[in-house]
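Input: a single structure, listed below in structure tokens.
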Amino acid sequence: MIGHCLRFWPEYEYLKSVVDSGEYGGVRSAVFHRVGNEPGWSHQNWMLQVDKSGGALVDLHIHDVDMINWLFGKPEAVSALCSERYDIVSAHFRYPDGKIIHAESDLSLPGETGFSMGYRIHMDKATLMFQNGKLTVYPAGGKAWVYEHAGDLGYYREMKYFAEQLMKAEAVTASPPEASLLALKIVEAERQSSGQGGQFVPVVE
């Protein structure tokens, strides 16, 4: 099982349930982000070597790509602009229903910014905003409320699930290898798009 931890993160699981149920209608637009400082902590700085790590495109951004694919299915095409070192990524995902999906990653922020991830989802009947570790739901015509969960973080829940599947000798279904491969193919289409000045590139399985 590839470690696509967002599938086990409570705030992203809740988003998945809302999208699938249609509780707040359809998604009109969505913005995802994962940003942080340069990873100077890696052994012999391998994270800073694009030929080894893939840069932010493969290290950070691919998690949002997997999430977008999990939520909305495979996009028809992708468009991306990346920095020369692939430490900054800005990508758009095209779907037949016209919803606007964007994801950005930056692995080179200066200063003591630390790591940040989040999303803003514009639905027909609500806006969902996950930032600074807090998910707030803003229903149309109603009071905003904060989503609460049991407290277990995604990393723990991910490892617990994998261990349980091993002990039961059952297949991994929450994050199957096929989905991880598709996320990588989408990222490679983004790399191709960036090399073509941001033109949309079809996603081929």
Side-chain angles (χ1 to χ4, degrees), residues 1-17 19-20 27 30-36 39 42-43 46-80 82 86-95 99 101-107 115 117-119 121 130 152-195 200-205:
M1 186 178 84
I2 306 300
H4 281 293
C5 55
L6 295 187
R7 292 184 178 224
F8 302 89
W9 220 267
E11 291 83 0
Y12 288 84
E13 283 189 330
Y14 174 75
L15 173 60
K16 171 69 170 173
S17 70
V19 169
D20 287 353
V27 173
V31 178
F32 299 84
H33 81 272
R34 295 175 69 79
V35 299
S42 61
H43 178 64
W46 73 270
M47 287 291 294
L48 302 180
Q49 302 173 50
V50 176
D51 61 329
K52 293 183 172 67
S53 70
L57 191 65
V58 180
D59 175 45
L60 284 184
H61 178 66
I62 198 169
H63 290 284
D64 282 334
V65 169
D66 178 68
M67 180 53 50
I68 290 167
N69 187 52
W70 190 45
L71 291 168
F72 311 123
K74 181 176 72 73
E76 290 182 331
V78 293
S79 168
C82 304
Y86 292 98
D87 52 359
I88 303 174
V89 181
S90 178
H92 288 272
F93 304 76
R94 191 170 71 200
Y95 285 90
K99 58 177 169 280
I101 310 296
H102 174 249
E104 64 175 16
S105 288
D106 192 331
L107 201 57
F115 173 73
M117 69 179 185
Y119 59 73
I121 312 297
F130 178 47
D152 293 337
L153 293 180
Y155 295 128
Y156 168 78
R157 300 178 73 252
E158 175 187 35
M159 291 185 289
K160 180 175 181 289
Y161 168 80
F162 184 57
E164 289 173 346
Q165 296 305 102
L166 286 177
M167 289 187 292
K168 295 185 293 186
E170 294 182 3
V172 169
T173 57
S175 182
E178 296 82 5
S180 299
L181 178 59
L182 178 55
L184 186 59
K185 289 181 177 180
I186 294 172
V187 161
E188 288 306 316
E190 291 179 24
R191 191 191 305 274
Q192 181 181 346
S193 170
S194 181
F200 271 99
V201 171
V203 175
V204 180
E205 290 195 52

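Since the model is a prediction, treat every value here as computed from it, not as a measurement. Computed over heavy atoms, backbone and side chain alike; hydrogens, waters and symmetry mates excluded.
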Please report the interatomic distance [atom1]([X]) to [atom2]([Y]), rounded to the nearest 0.5 Å.
X      : Y      : atom1 : atom2 : answer
Met1   : Leu166 : CE    : CG    : 9.0 Å
Ile68  : Leu6   : CD1   : CG    : 10.5 Å
Gln49  : Ser53  : CD    : OG    : 8.0 Å
Leu48  : Leu107 : CG    : CG    : 7.5 Å
Arg157 : Cys5   : CZ    : SG    : 12.0 Å
Leu60  : Met117 : CG    : CE    : 11.0 Å

Measure from NZ or CZ of Arg94 to the centre of the six-membered ring of Phe200, then state whether that distance is under 6.0 Å and the direction lies within 45° of the axis.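 Pair Arg94/Phe200 counts as cation-pi.
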Phe93/Phe72 aromatic ring centres below 6.0 Å: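 When the ring centroids of Phe93 and Phe72 are compared, they turn out to be at least 6.0 Å apart.
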Can the ring centres of Tyr155 and Trp9 be said to be less than 6.0 Å apart? yes
Mutual orientation of the aromatic rings belonging to Tyr119 and Phe32 [parallel < 30°, tilted 30-60°, perpendicular > 60°]: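 Rings of Tyr119 and Phe32: tilted, as their planes differ by 30° to 60°.
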Taking distance alone, no hydrogens or angles, what donor-acceptor pairs closer than 3.5 Å link side-chain atoms of residues 169-186 to residues at least two apart or in another chain?
residue, atom, partner, partner atom, Å
Thr173, OG1, Tyr161, OH, 3.3

Heavy-atom pair of closest approach, residues Ser17 and Tyr14: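 Minimum heavy-atom separation between Ser17 and Tyr14: OG-O, 2.6 Å.
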For the residue pair Ser105 and Ala56, what are the closest heavy atoms and their distance? CB-CB, 4.4 Å
Using side chain to side chain contact (heavy atoms under 4.5 Å, CB included), reason through His61 and Glu190 one step at a time and then give a plain yes or no. CA-CA 11 Å; His61 178 66; Glu190 291 179 24; 2.6 Å; yes
Do the side chains of [X] and [Y] get close enough for a salt bridge, i.e. N-O under 4.0 angstrom?
X      : Y      : result
Lys160 : Glu164 : yes
Glu104 : Arg34  : no
Arg191 : Glu188 : yes

Under 3.5 Å: donor-acceptor pair, side chain of [X], backbone of [Y]:
X      : Y     : result
Ser193 : Ala80 : yes
Lys74  : Asn69 : no
Tyr95  : Ala77 : no

Tell me, yes or no, whether the heavy-atom count around Phe115 atom CZ, taken from other residues, nucleotides or ligands under 6.0 Å, exceeds 12. yes
Go through the steps to decide whether Val201 and Ser79 satisfy the test side chain to side chain contact (heavy atoms under 4.5 Å, CB included), and finish with yes or no. CA-CA 6 Å; Val201 171; Ser79 168; over 6 Å; no
Pair His92-Val78, side chain to side chain contact (heavy atoms under 4.5 Å, CB included): steps then yes or no: CA-CA 6 Å; His92 288 272; Val78 293; over 6 Å; no
Between Glu158 and His4, do the side chains contain a donor N or O and an acceptor N or O under 3.5 Å apart?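 Checked: His4/Glu158 side chains show no N/O donor-acceptor pair below 3.5 Å.
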Without hydrogens or angle criteria, can the side chains of His102 and Ser90 be said to hold a donor-acceptor pair below 3.5 Å?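 Indeed, the side chains of His102 and Ser90 share at least one donor-acceptor pair under 3.5 Å.
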